[in-house]
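Below: one structure, written as structure tokens.
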Amino acid sequence: MPTITEDCIDGFQQYYSRPPEMPKKKSIKQMIYDDEENSYFGRTIESWAKIGIFYIIFYGVLAALVAICMWAFFLTLDPRIPKWKLESSIIGTNPGLGFRPLPPVDNVESTLIWYKGTQYENYKHWTDSLDEFLEVYKVPGLTPGRGQNIYNCDYNQPPPRGQVCDVDIKAWAPCTKENNYSYHKSSPCIFLKLNKIYDWRPDFYNNSQTLPADMPSSLKNHISELEKTDPIKLNTIWVSCEGENPADQENIGVVKYYPIRGFPGYFYPYQNSEGYLSPLVAVHFERPKSGIIINVECKAWARNIKHDRKDRIGSVHYELLID
């Protein structure tokens, strides 16, 4: 008579016994459809129906919960007004300064503007890049809402809420497409743009007695003259472009700004109104010395704009090399 231990061993052996071996072709066929159990891939039709209904309900409920959460989230947002502004936002309150044209995309880390003024194919990239950048200023239809709410602003007439100031592209001469932005004359134009920060209001340098010590003397003189002749235009975010080092300052030559030497104050605060375009300053380098790299630093000036070259706020750096 078998003992209890032997009975247990026999039971386990029977439980763990290997299934009968079948030919490979028959094994695959049985895996797809087992006629003994009437199952497909190990499940009967009824089992597949139950698990299918379960996952349909499960993922349907999950999708509905996500949709409700997203709907509730978007209820808290305004399509035009950011939830976090100024000090509360990641952008902060100190705008950056950008320049155009930019080097080719395959040299994106560079800030060098290098070309031969006597060769059209050589400076074509730079003029084409400016054409593309300025297209939205020339063709109103490229900016949603542009043309419907444009207001003819000036220093005495800021735009009403919801309307935007026009940007007069004719005032950029000689920095125009028809003139190749003066690149063919080896006297290139560089366009400057202040980054947009919602509801940021500039604190203007509009008193010649309180100008910072590091402001260029040419800009100080310009502000002093305006103070006497046209004080309303002192409400401007001023711009200066200089050679970074003494050698650069000697080689940079005469620099002029169009239409004025800064960004007019009536363009601010930026409130994401439909059709808004940032004001631009065209910086014309009339006689930069050829055959040598000139390091240029441009700065935007207001009491609440700080300059930090490392963090790229308030100023921008680039190089000119004209052969």
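Note that the structure is predicted; figures quoted are calculated from it, not measured. Note: hydrogens, waters and symmetry copies are ignored here, and every other heavy atom, side chains too, is used.
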Original post:
Looking only at heavy atoms, which two atoms of I322 and P288 are closest? And how far apart?
Top reply: CD1-CG, 3.6 Å

Original post:
Under a single-linkage definition using a 4.5 Å side-chain heavy-atom cutoff for Ile, Leu, Val, Met, Phe, Trp and Tyr, are Y205 and Y155 assigned to the same hydrophobic cluster?
Top reply: no

Original post:
From K196 NZ over to Q271 CD, what is the distance, rounded to the nearest 0.5 angstrom?
Top reply: 13.5 Å

Original post:
Would a hydrophobic clustering, with Ile, Leu, Val, Met, Phe, Trp and Tyr connected at side-chain separations under 4.5 Å, put V296 with L194?
Top reply: yes

Original post:
Measuring from I294:CD1 to E242:CD, what's the distance to the nearest 0.5 Å?
Top reply: 13.5 Å

**OP:** Measure the spacing between CD1 of I113 and NE2 of H125 and express it to the nearest 0.5 Å.
**Re:** 8.5 Å

Original post:
Under a 4.5 Å side-chain heavy-atom rule over Ile, Leu, Val, Met, Phe, Trp and Tyr, are V316 and W114 clustered together?
Top reply: no

Original post:
Which atoms form the tightest heavy-atom contact between P95 and N195, and what is the distance?
Top reply: CB-O, 3.7 Å

Original post:
Rounded to the nearest 0.5 Å, what separation is found between the OG1 atom of T236 and the OH atom of Y268?
Top reply: 10.0 Å

Original post:
Is there any disulfide bond (SG atoms under 2.5 Å apart) pair reaching into residues 52-98, and which pairs are they, with sequence neighbours excluded?
Top reply: none

Original post:
With no hydrogens and no angle check, do the side chains of R261 and S240 hold a donor and an acceptor under 3.5 Å apart?
Top reply: no

Subject >> CA sep, side-chain torsions, deciding dist, call: R161, S273, side-chain hydrogen bond (donor to acceptor under 3.5 Å, both in side chains) >> reply: CA-CA 8 Å; R161 187 172 182 84; S273 299; over 6 Å; no

Subject >> Polar side chain donor-acceptor pair, T111 to E319, under 3.5 angstrom >> reply: yes

Original post:
Considering all heavy atoms of both residues, which atom of Y257 and which atom of C241 are nearest to each other, and what is their separation?
Top reply: OH-N, 2.9 Å

Original post:
Would you say the side-chain atoms of S187 and E286 include a donor-acceptor pair closer than 3.5 Å?
Top reply: no

Original post:
Between Q249 (side chain) and G243 (backbone), is there a donor-acceptor pair under 3.5 Å?
Top reply: yes

Original post:
Sequence neighbours excluded, which residues qualify as ring-ring contact (aromatic ring centres under 6.0 Å, His included) partners of Y120?
Top reply: Y123

Original post:
If you measure only the distance, is there a donor-acceptor pair under 3.5 Å linking the side chains of Y270 and S278?
Top reply: no

Original post:
Hey, does the side chain of S224 reach the backbone of K220 with a donor-acceptor pair shorter than 3.5 angstrom?
Top reply: yes

Subject >> Residue pair K177 / I169, side-chain heavy-atom distance below 4.5 Å >> reply: no

Subject >> Value rounded to 0.5 Å, distance of CD1 in I292 from CG in L321 >> reply: 9.0 Å

Original post:
Between N304 and D203, is there a donor-acceptor pair closer than 3.5 Å when you use the side chain of the first and the backbone of the second?
Top reply: yes

**OP:** For the pair W238 and F263, evaluate side-chain contact (heavy atoms from CB on, under 4.5 Å) and give the outcome as yes or no after the intermediate values.
**Re:** CA-CA 7 Å; W238 305 109; F263 306 104; over 6 Å; no

**OP:** Kindly assign one of parallel, tilted or perpendicular to the pair Y183 and Y115, based on the angle between their ring planes and the thresholds 30° and 60°.
**Re:** tilted

Original post:
Within a radius of less than 6.0 Å around CD of E132, do more than 12 heavy atoms belonging to other residues, nucleotides or ligands occur?
Top reply: no

**OP:** Classify the side-chain pair N251/D248 by whether it contains a donor and acceptor separated by less than 3.5 Å.
**Re:** no

Original post:
Is V254 close to K256 at the side-chain level, that is, under 4.5 Å between some pair of heavy atoms?
Top reply: yes

Original post:
Is the closest side-chain heavy-atom distance between E227 and N207 below 4.5 Å?
Top reply: yes

**OP:** Please test I197 against T93 for side-chain contact (heavy atoms from CB on, under 4.5 Å), starting from the C-alpha separation and ending with a verdict.
**Re:** CA-CA 7 Å; I197 297 180; T93 60; 5.7 Å; no

**OP:** Over all heavy atoms of both residues, which pair between N149 and E274 is shortest? Give the atoms and the distance, please.
**Re:** ND2-O, 2.6 Å

Original post:
Parallel under 30°, tilted from 30 to 60°, perpendicular over 60°: which one fits the rings of Y55 and Y59?
Top reply: parallel

Subject >> Sidechain-backbone polar pair: N122 side chain, K116 backbone, donor-acceptor under 3.5 Å >> reply: yes

Original post:
Is it the case that one hydrophobic cluster holds both Y276 and I91, taking links as side-chain heavy atoms less than 4.5 Å apart, direct or via other members?
Top reply: yes

Subject >> Donor-acceptor pair between T176 and N179 side chains, under 3.5 angstrom >> reply: no

**OP:** For residues 69-109, pull every pair meeting ring-ring contact (aromatic ring centres under 6.0 Å, His included), keeping only residues two or more places apart or in separate chains.
**Re:** F99-Y318

**OP:** Give the intermediate values and the outcome of side-chain contact (heavy atoms from CB on, under 4.5 Å) for residues D131 and D128.
**Re:** CA-CA 5 Å; D131 287 343; D128 286 352; 4.0 Å; yes

**OP:** Only pairs at least two apart or in different chains count here, so list each ring-ring contact (aromatic ring centres under 6.0 Å, His included) that has a residue in residues 281-311.
**Re:** W301-H307

Original post:
Where is the tightest heavy-atom contact between V164 and G275, given as atom of each residue plus distance?
Top reply: CG2-O, 3.7 Å

**OP:** Would you mind checking if D199 and R201 are paired as a salt bridge, meaning a charged N to carboxylate O distance below 4.0 Å?
**Re:** yes

Subject >> D166 side chain vs D168 backbone, donor-acceptor pair below 3.5 Å >> reply: no

**OP:** Compare every heavy atom of H317 with every heavy atom of N295, then report the nearest pair and how far apart it is.
**Re:** OD1-CE1, 3.6 Å

Subject >> Option among L97, V281, L280, L277 that satisfies the side chain to side chain contact (heavy atoms under 4.5 Å, CB included) test with K193 >> reply: L280

Original post:
Do we see a donor-acceptor contact under 3.5 Å between the side chains of N94 and W200?
Top reply: no

**OP:** Could you tell me whether a side-chain N or O of N180 sits under 3.5 Å from a main-chain N or O of S182, the two making a donor and an acceptor?
**Re:** no

Subject >> All ring-ring contact (aromatic ring centres under 6.0 Å, His included) counterparts of F191, not counting sequence neighbours >> reply: W172

Subject >> side-chain contact (heavy atoms from CB on, under 4.5 Å) assessment of I190 paired with Y181 >> reply: CA-CA 9 Å; I190 309 296; Y181 309 102; over 6 Å; no

Subject >> Spatial distance of atom OG (S290) from atom CG (L320) [nearest 0.5 Å] >> reply: 12.0 Å

Original post:
Do other residues, nucleotides or ligands put more than 12 heavy atoms under 6.0 Å from R287 CZ?
Top reply: no

Original post:
Residues two or more places apart in sequence or in another chain: which of them pass ring-ring contact (aromatic ring centres under 6.0 Å, His included) with Y258?
Top reply: none

Original post:
Is it the case that one hydrophobic cluster holds both I237 and L219, taking links as side-chain heavy atoms less than 4.5 Å apart, direct or via other members?
Top reply: no

Original post:
Does the side chain of D230 reach to within under 4.5 Å of the side chain of I232, using non-hydrogen atoms?
Top reply: yes

**OP:** Side-chain contact test, heavy atoms from C-beta onward, threshold under 4.5 Å: evaluate it for R100 versus L130 and give yes or no.
**Re:** yes

Subject >> D154 side chain to Q157 backbone, donor-acceptor under 3.5 Å >> reply: yes

